[in-house]
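Reading through the structure tokens given below for one structure.
In what follows, every chain begins at residue 1, and chains take the letters A, B, ... in the order their sequences are listed.
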Amino acid sequence: MAQKPSIPQGTRDFGPKEVQKRKYILGKLEQAFRLSGFMPLETPSMENLTTLTGKYGDEGDQLLFKILNSGDYFKKLIEYNQRGLGHEEMDPTFLPSSSGKVADLDAKRSLPFLAEKGLRYDLTVPFARYVVMNRNQISFPFKRYQMQAVWRADRPQKGRYREFWQCDADVVGSDSLLYEAELIHIYDDAFSSLGLPVIIKLNNRKFLSALAKACGAANLLTPITIAIDKLDKIGLEMVLKELAEKGLNSEQINRIERFLQLPKTMDGAMAGLESICGEEEDFKTGKAELEAVLKFLGPNLNNTLELDLCLARGLSYYTGAIFEVQAATGSLKSSIGGGGRYDNLTGIFGLPGVSGVGISFGLDRIYDVLEELKLFPPSLSASPSRVLACHFDEAGRSYVLNACYQLRKAGIACEVYPDITRKIGKQLDYANALGIPFALIAGENEVNSSSFSLKNLVTGVQSSFKLEELIHHLLEN
RNA sequence: GUGGUUUUAGCUCAGUUGGUUAGAGCGCCUGAUUGUGGUUCAGGAGGUCGUCGGUUCGAGCCCGAUACUCCACCCCA
């Protein structure tokens, strides 16, 4: 019985046109990265689970794709469970089930027996892992870009896939704010070259921690930032409600409400912040950092740069600047890029005191936006061939095949219609379907006069050429 | 992980209270036109109705399960 083929939820095949469009985006991004001196890096699709777990919070751990161990992965688990606590070989994190049944085991504690590898969840953690492992070979500051797939066991919806590509540029080993400005310029350059107008949002985590400290709720920084981050989406009332649910009192909420209503202008926001948490050290350094970044940026951005004090971003390792990019138009409201400064990402792998800052582009979402706004160049939907060689008989086909070899030597992409047919219409239809702009036509007349007819399928103009003239004509048009 | 939603021809979609042989537009193939395409006209091919099971004399339609799509939470590129 033939099975109906399918692919896993949240994954996609990419046809020729889609691949060409994706590579076009990748090319533009790579160009922008390399223009600022970033070097390429690739890491394995799978990492050890110990590298990945605990880096993205409990939510993130649940979204990791785990890879089943090879061999009889159950055998060891069952043995450990039967021997019970206290055995000398016992893994200290492992707890046997009180019933002695495998079915009653704690899933989280048992996981290491079943899976020790997982698919990477982002490119930042593997990068940090790479930096730590290769610290002696790397010249700091180290600037790398990386464009690879990542996987999340999320439930798919619009703009959200289980396999998608991130394109990251990070700098580690320097706390210079020059790099914040450089990365913002990369965002600006890359989206300009794609013809996509965007809003680049900027904030500094230190403002948020200053706010939390001024409220006397430094321990609630994460819940506060998560709630604040939703302001655009759920509105002021709901944010305040969520804050109350997290256990903040009315005085604290009042202060946060004033924060949420601050003006978006640079001067206005800073003045307002001063009155809300001006005493906090984090505010002062945050303000100084922001001012320095703006100074380094200069005035030459093509896109809108917006200070958004409510921008928090989920990843908990950000400590300074935070970036997020949204398309200025189109239906996709979620971010198409994000990043920030993390003071101590490599610390967890045993290399403390190394500061990094990075940005990420979401290839798949950028694709969706460009597609919706029809911003891809039409040539990306066409065959690479510029010429389809058409013919009517065996002699014409050989004649035209030989010409094709000459065209290719001259760097002109071309191909020969494979079948012998008197129907030129069918051959021209094939060229049209593939978006090939020229038809080279040769029958008895052309063979006898050692010439070629070349038809421009866009304009309909047809003229006769000798081989040399043909090559020149194609190179010039 | 929770809740909802979608699935019928290559594509976009109709399909009445459950009733004979499941339709349309576009696309595709053939011919009018044996060496000139995108127009027109005529004809034609193409369906396990997502999958499995159930109810029924009878299921595209009703019921159950499952997968996929999309959406809202959660979170995020």
When you get a sec, tell me which of B:rU36, B:rU69, B:rA77 is the closest nucleotide to the side chain of A:Tyr161? B:rA77
Distance between P atoms of B:rU5 and B:rA45 (Å, rounded): 39 Å
What I want to check is whether an N or O donor and acceptor connect the side chain of A:Arg155 with the base of B:rC75 at under 3.5 Å. no
Would you say B:rU69 has OP1 or OP2 under 4.0 Å from some side-chain N or O of A:Gln157? no
Under a 3.5 Å cut-off on both pairing distances, which runs of 3 or more consecutive Watson-Crick or G-U pairs involve RNA chain B? B:1-4 with B:70-73, B:10-13 with B:23-26, B:28-32 with B:40-44, B:50-54 with B:62-66
Assign A:Asn432 to base, sugar-phosphate, or nothing according to its heavy-atom contacts below 4.0 angstrom with the strands shown. base
Under 4.0 Å between a side-chain N or O of A:Lys423 and OP1 or OP2 of B:rG31? yes
Taking atom CD of A:Glu42 as the centre, report whether more than 12 heavy atoms of other residues, nucleotides or ligands fall under 6.0 Å from it. no
Any A:Arg160 side-chain N or O less than 4.0 Å from OP1/OP2 of B:rC76: no
Specify the separation, in whole Å, of atom NZ of A:Lys426 and atom C1' of B:rC29. 8 Å
Is it true that A:Gln146 and A:Thr43 share a donor-acceptor pair across their side chains at a distance under 3.5 Å? yes
For atom CZ of A:Phe38, is the number of surrounding heavy atoms from other residues, nucleotides or ligands below 6.0 Å larger than 12? yes
Rounded to whole Å, please give me the gap between CD in A:Gln326 and P in B:rA77. 12 Å
